[in-house]
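Note that the coordinates shown come from a computational prediction; the quantities given were computed from them, not determined experimentally.
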Amino acid sequence: MPTLFLRIRQTYTPIRDRIMNSTNTLKLNKDFRRLYYRGENYVARNIVIYAQKNRLGHNRVGLTASKSIGKATVRNRAKRLMRESYRLAEDDLIQGYDIVIIARMRIVGKKYCDVSRDVRYAFEKLGMIK
């Protein structure tokens, strides 16, 4: 399989190094509903996290930002912040969980460091950090 490269400032970075490790995404509505009803949750300032063990050997993550947060650009920024926060915390997480991260209204206008701090703290409170 050929390796794909991105050209950034005259240097080449393999794309596979920029992708989340062994993470699948939650896409089915039934998976989200199962986590809402049966999963453990933690509410932080900017986010809410629902988590429940799965029978797979890896984590699956779903991101949600409702229309009440704002227009599409605002929702997309919120999801980018949550995705990056999860990606960087992923190596420290115990594997085998389904996770849903929900953006709250307060995430609008926040910086990455605020969201990242909330995500890590929520994972610690849920007992998911190694």
Side-chain angles (χ1 to χ4, degrees):
M1 183 167 117
T3 303
L4 300 174
F5 290 95
L6 292 176
R7 187 175 179 149
I8 301 172
R9 293 187 193 157
Q10 302 299 325
T11 61
Y12 293 96
T13 306
I15 287 180
R16 70 180 182 282
D17 293 342
R18 299 172 46 118
I19 299 173
M20 291 193 286
N21 303 332
S22 70
T23 300
N24 291 335
T25 57
L26 290 173
K27 292 186 173 141
L28 297 178
N29 190 20
K30 68 178 185 178
D31 292 332
F32 281 86
R33 282 186 294 161
R34 179 177 50 84
L35 281 171
Y36 294 148
Y37 292 122
R38 295 189 187 142
E40 297 178 42
N41 68 338
Y42 183 79
V43 179
R45 283 186 206 123
N46 302 313
I47 56 152
V48 177
I49 292 185
Y50 287 87
Q52 184 181 23
K53 286 194 175 214
N54 61 26
R55 294 180 183 184
L56 307 171
H58 57 276
N59 291 338
R60 298 189 302 172
V61 67
L63 303 169
T64 303
S66 70
K67 285 189 175 183
S68 64
I69 288 179
K71 299 207 178 219
T73 54
V74 176
R75 294 193 309 267
N76 288 338
R77 175 169 166 72
K79 287 191 277 189
R80 278 198 311 270
L81 291 173
M82 294 185 299
R83 186 178 300 116
E84 181 66 9
S85 299
Y86 173 80
R87 187 185 71 83
L88 293 178
E90 183 179 21
D91 291 336
D92 299 332
L93 294 178
I94 299 170
Q95 295 297 308
Y97 278 90
D98 286 342
I99 302 163
V100 172
I101 305 174
I102 303 170
R104 297 181 71 193
M105 288 288 295
R106 296 177 184 175
I107 202 169
V108 176
K110 295 294 182 189
K111 294 186 178 182
Y112 164 76
C113 59
D114 299 328
V115 177
S116 180
R117 182 185 61 234
D118 284 349
V119 168
R120 270 192 112 34
Y121 188 72
F123 284 143
E124 288 174 10
K125 286 295 188 180
L126 291 170
M128 296 174 59
I129 300 284
K130 292 180 188 173

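Applying the side-chain hydrogen bond (donor to acceptor under 3.5 Å, both in side chains) test to every pair with at least one member in residues 101-110, sequence neighbours left out, gives no pairs at all.
Remark: Lys130 engages Ile94 in a side chain to side chain contact (heavy atoms under 4.5 Å, CB included) (not counting sequence neighbours). For Ala78, the side chain to side chain contact (heavy atoms under 4.5 Å, CB included) partners are Ala103, Ile107, not counting sequence neighbours. Residues passing the side chain to side chain contact (heavy atoms under 4.5 Å, CB included) test with Ser68 are Ser66, Met105, sequence neighbours excluded. Applying the salt bridge (Lys or Arg N to Asp or Glu O under 4.0 Å) criterion to Arg120, with sequence neighbours excluded, gives Asp92. Every salt bridge (Lys or Arg N to Asp or Glu O under 4.0 Å) that Glu84 has, sequence neighbours left out, goes to Arg87. Not a single salt bridge (Lys or Arg N to Asp or Glu O under 4.0 Å) links Arg45 to another residue, sequence neighbours left out.
Residues Met82 and Thr64 approach most closely at CE-O, 3.7 Å, considering heavy atoms. The two atoms that bring Ala122 and Ile49 nearest to each other are CB-CD1, 3.6 Å, heavy atoms only.
Leu26 and Ile101 are assigned to two separate hydrophobic clusters, defined by single-linkage of ILVMFWY side chains at heavy-atom distances under 4.5 Å. Hydrophobic clustering places Ile47 together with Val61 (ILVMFWY residues linked when any side-chain heavy atoms are closer than 4.5 Å, directly or through intermediates). In the hydrophobic clustering of ILVMFWY residues, with side-chain heavy atoms under 4.5 Å counting as a link, Leu93 and Leu63 come out together. Linking ILVMFWY side-chain heavy atoms closer than 4.5 Å, directly or via other members, places Met128 and Val115 in a single hydrophobic cluster.
Judged by distance alone, with hydrogens and angles left aside, the side-chain atoms of Asn59 form a donor-acceptor pair with the main-chain N or O of Tyr97 at under 3.5 Å. Using modelled atom types, one side-chain atom of Ser85 and one backbone atom of Leu81 make a donor-acceptor pair closer than 3.5 Å.
Note on Asp114 versus Lys111: no salt bridge recorded, every NZ/NE/NH1/NH2 to OD/OE distance being 4.0 Å or above.
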Report, one line per pair, each donor and acceptor closer than 3.5 Å where one atom sits in a side chain of residues 31-44; sequence neighbours left out.
residue	atom	partner	partner atom	Å
Arg34	NH1	Gln52	OE1	2.9
Arg34	NH2	Asp98	OD2	2.5

